[in-house]
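The structure appears right after this line, and notes come after that.
Just the heavy atoms: all of them, side chains too, but no hydrogens, waters or symmetry mates, feed the values below. Chain naming here is simple, since letters A, B, ... match the order of the sequence lines and numbering starts at 1 in each. These numbers come from a predicted model, not from an experiment.
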2 protein chains.
Amino acid sequence: MEVTRTLARYVVGSNLNDIPEAVQKEAVRSLVNWLGCAVGACRHETVDRALEALAPFSGKAEATLMGRGEKLDIFLAALLNGISSHVFDFDDTHLKTIIHPAGPVASALFALSEHMAISGADLLHAFILGVEVECRIGNAVYPEHYDVGWHITGTAGVFGAAAAVGKILKLDEQQMVWALGIAGTQSSGFREMFGTMCKSFHPGRAAQNGMLAAFLAQKNFTSSNQVLEAKRGFANVMSTARKYEEITENLGKTFEVALNTYKPFACGIVIHPSIDGGIQLKKELSLTGDEVTKVELKVAPLVLELTGKKTPQTGLEGKFSVYHSLAVAIIHGAAGENEYSDACVRDPNVIALRDKVEATIDKSMRDDEAIVKVTLKDGRTSEKHVAHALGSLERPLSNADIDAKFNGLVTDILGEAQTAQLLEAAWSILSLNDASEISHLSVPR
Amino acid sequence: MEVTRTLARYVVGSNLNDIPEAVQKEAVRSLVNWLGCAVGACRHETVDRALEALAPFSGKAEATLMGRGEKLDIFLAALLNGISSHVFDFDDTHLKTIIHPAGPVASALFALSEHMAISGADLLHAFILGVEVECRIGNAVYPEHYDVGWHITGTAGVFGAAAAVGKILKLDEQQMVWALGIAGTQSSGFREMFGTMCKSFHPGRAAQNGMLAAFLAQKNFTSSNQVLEAKRGFANVMSTARKYEEITENLGKTFEVALNTYKPFACGIVIHPSIDGGIQLKKELSLTGDEVTKVELKVAPLVLELTGKKTPQTGLEGKFSVYHSLAVAIIHGAAGENEYSDACVRDPNVIALRDKVEATIDKSMRDDEAIVKVTLKDGRTSEKHVAHALGSLERPLSNADIDAKFNGLVTDILGEAQTAQLLEAAWSILSLNDASEISHLSVPR
């Protein structure tokens, strides 16, 4: 069974016309969501520190650090945009594998689009293929690969970036096999790094390293022909699960990007149904928070295990507190980056409501389910049962939701008019003659 | 137990004066050996292809591709020199772990020496510490880590490069902890790549990535504080062995570089005792090969398992043929790169003698042992028992042997006069005010 070669052959032979329109549309949604995250976080200190360390060593300054405008060589731009797009933990999620698929692939492709002419359609096609490659490889090794400690967005993402860049470089089948091999032998990234700057470093490096693999393969730099399936290849060395059929079956028939999801809220995904319920109650009852005397929350055990922090002290800790998150949902009707600032976490009004939240677990509930009940000063009560959180596959964000998320992330950086222009260009990527227009529009004028 | 921090604290606090002179001398021998390998292989097609792919993206062209003179940014120079130094498989070996220690560390340091002023003594000190870090980490996880399929020169080497560069950058303890963390989360490289260009890519990338880690840490880019020992850190994720005391005990008292060894022959190390015996017989009996009617070889089982190829077709295959190797030892009295050319492997005289070699295994023999017996046309026989191969810890190469190896590798590149000058500078590194003199002297005038 030739696993690596089968995958490479598919990528090399794929035509955009053979990919269903619905899949292409979901890919556009993925790109719009990624772009909002990348631009929105571009001033994060993680980006600042990496830029300060590495910019002095940049090669030809041809690719844009999105949202800012510093120019870097395409490898460094891929790294920095990859960091930026993940640092808020607000990017897309392939729920089957917890891969954040866009970061490694899109960060490489947009950087590349400032080095060589790439149409929007070609970029979207390469993006779909890159996501396909990384998520199929993820499917083959998940969850065992993740459980042992690998940050799968980095370890699988590097293959996706290599395949996507390799498609643009028009690698032949053998070169694509080598590109996947060179990518695989760089596969890395520990979950141990969560909570540090290295977490977002992983998708950035996956983008950069995958691109490196494709450029080396283009010059016939050789690797193993069986990086995925060899006795000492990726699946055997880095996982105990090796479901190779997940990689080789139904190629060109099913598309992993169609299963992509987008977070409406800037925090751990298990908190999302609780926030969803809180926002629904706020809207229906026009709550401000003051009128609430008690909030009762019922959730699956995992929710409190992962996010049971009752008295968060910082914005980052707030992201792991279902108590804080439910309070801001009721007070602000939102849970974006603003609601996870240090200031918001220390706001007396938020703290007062947070302390009124009583959370209990119910083992019969799913992780994406919540029941929120408020009791008001006038004695009224109201309850919401969220069966599937907004942003799940069952209740995907609408395009309008994605717009709202994008605006919330980007307006502070670009202002309203330019944000609208960038958003319009991103939705229209299929008709762009030159995909680099996106990068240029991301820079404040 | 703070494993990572203990190691970082030692590196940050180390003074060259506290390192015994004998250790420093062995480090100089390691550097001389590394330099010969790096310069000798600089025209290898692996180097050519990587250079062609990546030079267009180089940053400030300040560091030398050794032996050639192309200038690259320090990260690319570290990569390329790291590739070059390993591509002949002729570099140093830390026999306890099969790490080739110099490649990842020296390739980074010499590139760095063209970016900032580094004295020869400071470079040697950082080199000793880098080797200490990578080999101690290797000791902690070997052999299980290697057995599962990791190319330990890459996976451990990245830590060594980070520590060495971090020492030159004068990182404080916390920054050094982060540097090791950022290095660790890039740790990668499959043994599956052996026999392809990616094998030498591994030490090159270890050099480049470790340097990246140190520069990021210098700007306070954060990582986990326990990359080595955390539940989801390096040792637990990438090995089943976790002998942390190998990392933390006797720091500053024992030195791994003192255990470094140098190959006299350009092939797999298990063939070395056979070659050694062959050369001894050639010298004693003034053999040309024609007079030999039979060669009987007795070796440990592993020798034929790894290098039992009877009819190699290419130079590379010749490196895995104890038959070819013994034949050239008797005919040429040598086993350098020339004896592993495609032409030599196809030489009718060599093939004729190779076919007269009868190899048998003896389970009571060690891997570094061989018995070689020749029978001549006139009926005489002669036998050599090599208890430990030349180049082993028990029979280390003399400085003169290292000189001869260096001259064999470098003279074709630099000519005799400049080779002598470079060699002299390398032996004198402790007294160089500016270590970059080595890089400059490596370029043909």
Side-chain angles (χ1 to χ4, degrees), chain A residues 45-46 48-54 56-60 73-76 115 148-151 154-155 158 178 181-182 184-198 201-202 205 209 212 215-227 230-234 236-238, chain B residues 45-46 48-54 56-60 73-76 115 148-151 154-155 158 178 181-182 184-198 201-202 205 209 212 215-227 230-234 236-238:
Chain A
E45 64 182 341
T46 305
D48 285 340
R49 292 186 196 181
L51 183 68
E52 190 187 352
L54 303 177
F57 302 100
S58 175
K60 190 175 172 194
D73 70 60
I74 59 172
F75 291 96
L76 279 180
H115 174 70
V148 76
W150 292 111
H151 186 193
T155 56
V158 68
W178 288 332
I182 303 167
T185 207
Q186 300 176 82
S187 177
S188 56
F190 299 136
R191 282 172 61 197
E192 167 61 19
M193 298 296 151
F194 288 11
T196 79
M197 292 182 173
C198 278
F201 180 68
H202 296 159
R205 283 294 273 178
N209 294 347
L212 183 84
F215 272 94
L216 284 168
Q218 188 187 32
K219 299 299 179 184
N220 298 317
F221 196 92
T222 66
S223 78
S224 160
N225 286 329
Q226 295 97 24
V227 68
K231 181 183 165 197
R232 295 198 177 101
F234 171 79
N236 282 304
V237 173
M238 295 176 75
Chain B
E45 64 182 342
T46 306
D48 284 341
R49 292 186 195 180
L51 183 68
E52 191 187 353
L54 303 178
F57 302 101
S58 176
K60 190 176 171 194
D73 70 60
I74 59 173
F75 290 97
L76 279 180
H115 173 69
V148 77
W150 293 111
H151 185 193
T155 56
V158 69
W178 287 333
I182 303 166
T185 207
Q186 299 176 82
S187 178
S188 57
F190 299 136
R191 284 172 60 199
E192 166 63 18
M193 298 296 151
F194 288 10
T196 80
M197 292 183 174
C198 278
F201 180 67
H202 295 159
R205 281 295 272 178
N209 293 348
L212 182 83
F215 272 94
L216 284 168
Q218 187 187 33
K219 299 299 179 186
N220 298 317
F221 197 93
T222 66
S223 78
S224 160
N225 286 327
Q226 295 95 24
V227 69
K231 181 182 165 198
R232 295 199 177 103
F234 172 79
N236 281 305
V237 173
M238 297 177 74

Considering all heavy atoms, the nearest [X]-[Y] contact:
{"X": "B/Thr222", "Y": "B/Trp178", "answer": "CG2-CZ2, 3.6 Å"}
{"X": "A/Pro56", "Y": "A/Ala53", "answer": "CD-O, 3.7 Å"}
{"X": "B/Met193", "Y": "A/Ser224", "answer": "SD-N, 3.4 Å"}
{"X": "B/Gly189", "Y": "B/His202", "answer": "CA-NE2, 3.6 Å"}

Which bit of [X] is near chain A, if near means a heavy-atom gap under 4.5 Å: side chain, backbone, both or neither?
{"X": "B/Leu54", "value": "side chain"}
{"X": "B/Phe75", "value": "side chain"}
{"X": "B/Gln186", "value": "both"}
{"X": "B/Ser58", "value": "backbone"}
{"X": "B/Ile74", "value": "side chain"}
{"X": "B/Phe194", "value": "neither"}
{"X": "B/His151", "value": "neither"}

Sidechain-backbone polar pair: A/Arg49 side chain, B/Phe221 backbone, donor-acceptor under 3.5 Å
no
Any sub-3.5 Å donor-acceptor pair from B/Thr185's side-chain atoms to A/Phe190's backbone N or O?
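Such a contact is found between B/Thr185 side chain and A/Phe190 backbone.
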With chain A, the option among B/Gln226, B/Glu45, B/Glu52, B/Lys60 that has the most non-hydrogen atom pairs under 4.5 Å is B/Glu52
Under a 4.5 Å cutoff for heavy-atom pairs, which residue among [options] has the most contacts with chain B?
{"options": "A/Asn209, A/Asp73, A/Asn236", "value": "A/Asn209"}
{"options": "A/Val148, A/Thr46, A/Asn220", "value": "A/Asn220"}
{"options": "A/Ser187, A/Ser223, A/Gly149, A/Gly181", "value": "A/Ser223"}

Can you find a pair of side-chain heavy atoms, one from B/Met238 and one from A/Trp150, that are under 4.5 Å apart?
yes
Should the ring pair A/His115 and A/Phe215 be called parallel, tilted or perpendicular, given that the plane angle runs from 0 to 90° and is split at 30 and 60?
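Geometry flag for A/Phe215 against A/His115: perpendicular rings.
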